[in-house]
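Order of listing sets the numbers, starting from 1, for every ligand and every atom in it.
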Amino acid sequence: MVNQSGALALRLNDSVASALKAGSAVVALESTIFSNLGLPAPYNSEALARVMAAVVSGGAVPALTAVLDGEIWCGVTESTHDTICGPTQKVAYRDVASAVGHKATYGATTVSASVAIAAAAGVDVFATGGIGGVHRNWEQSLDVSADLGAIAKHQVITVCAGAKSFLDLPATLERLETLSVPVVGWRTDEFPAFYATSSGLPLNAVVHSATELAEIAQLHWSLGGGGLLVVNPVPEEHAIDLAELDEWTVEALRREGLAPGAQPNVELAGPSVTPRVLAGLVDLSGGRTLQANLALAESNAEVGASIAVALRSGD
Ligand code: PSU
Ligand code: MN
């Protein structure tokens, strides 16, 4: 996968290749949320279609990342969408090289892998649902998502609805501060809690427009900064009350042996935690977290497209 000049060989579909060549707006997307590890079928295909359409209607080209047949893609072709929505292995940043080496049929990229691939392709905006972060009980498990380090490292703007609500949100914000990642509220001054519009945790940066955000990003980059995190709350009509969400979360974590004080379930440690807890929440909420997940992913794609467009017009 490394060409003769030593540069990484990335596969791009035609529309992404032309957009990058023309210097027009592109928004990278991850594949894990659309795979069997993210949303259950048939909602994953619906989510993929809605997210792609939202990027396009926002005036940008979607670039869905994945490892397919041992090749790294930034903008898979539409013919692979059924594969994308199917069974897979989770490929974080550290796993990309070995997935290529082992010629993985389908490796679903997480946030950490996607921002790295986006940066390598020259794409400066990435949209997802919720990022990984510091897990509750981190004192015992040391489980901190690689998403945070990758966001800090690459000059890519990540648009999300905050970090997944079953994480330790105050600790996640502390970690982002240590990593010097600006956390910018999209028309909000509180850190959103994924399915809930607000966590009660204050933010010190708020923007009301894509132009404003693009200016902050350019300045951060000219100071040698890495990624920025834009946090866009779930659309109001799908928002779930924080207290109710917290009850379900405690129960979903308990089911996985992850409640505070419980012995961690070693079998479930690491990358399989996120999919299992998300599935537990869908069950406990009677599907409401699923609808919220679709709506917030679509909304983040729209915001991402507007930022990608604003970054181009400021050039
Ligand atoms: N948020 C979701 N569903 C997901 C994820 C996040 O609603 O499937 C995935 C993303 O790909 C994210 C990853 O990068 O979980 C983080 O996993 P971990 O906590 O193992 O780093
Ligand atoms: Mn983890």
Exercise for the section: State whether the number of non-hydrogen atoms from other residues, nucleotides or ligands found under 6.0 Å of W221 atom CH2 is greater than 12. Expected result: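 Counting neighbours around CH2 of W221, more than 12 heavy atoms of other residues, nucleotides or ligands fall under 6.0 Å, so yes.
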Exercise for the section: Tell me which one of T32, I151, N293 gets a heavy atom nearest to atom 9 (C) of ligand 1. Expected result: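 Residue with the shortest heavy-atom distance to the ligand atom: T32.
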Problem - Heavy-atom nearest option to atom 13 (C) of ligand 1, drawn from K164, E30, H135 - result: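 Comparing heavy atoms across K164, E30, H135, the nearest one to atom 13 (C) of ligand 1 lies in K164.
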Identify, by atom number and element, the atoms of ligand 1 in contact range of [X], meaning under 4.0 Å from any of its heavy atoms.
| X | answer |
| --- | --- |
| K90 | 17 (O), 18 (P), 20 (O) |
| G130 | 1 (N), 6 (C) |
| V111 | 11 (O), 12 (C), 14 (O) |
| F194 | 7 (O) |

[X] and [Y] ion-paired at < 4.0 Å:
| X | Y | value |
| --- | --- | --- |
| R11 | D69 | no |
| R136 | D246 | yes |
| R255 | D283 | yes |

Exercise for the section: Decide whether T128 and N300 meet the rule of one side-chain donor and one side-chain acceptor closer than 3.5 Å. Expected result: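 No - no donor-acceptor pair under 3.5 Å links their side chains.
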Handout entry: Short N or O distance, S112 and ligand 1, threshold 3.5 Å exclusive
Key =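 Such a contact does not occur with ligand 1.
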Handout entry: Any pair counted as side-chain hydrogen bond (donor to acceptor under 3.5 Å, both in side chains), so long as it reaches residues 175-196, sequence neighbours left out
Key =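 Of all non-adjacent pairs touching residues 175-196, those that pass side-chain hydrogen bond (donor to acceptor under 3.5 Å, both in side chains) are E190-S198.
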Practice task
Scan residues 42-62 for pairs that pass side-chain hydrogen bond (donor to acceptor under 3.5 Å, both in side chains), counting only residues two or more places apart or in two chains.
Solution key: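 Qualifying pairs, neighbours excluded: E46-R50, R50-E298.
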Handout entry: Heteroatom of D143 nearest to the Mn ion (ligand 2) (N, O or S, atom name)
Key =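 Looking at D143, the N, O or S atom with the least distance to the Mn ion (ligand 2) is OD1.
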Practice task
Measure the distances from the heavy atoms of G129 to every atom of ligand 1 and state whether one is below 4.0 angstrom.
Solution key: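 Contact absent.
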Handout entry: Location of contacts on L39 toward ligand 1, heavy atoms closer than 4.0 Å
Key =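 For L39, there is no contact with ligand 1 at all, from either part.
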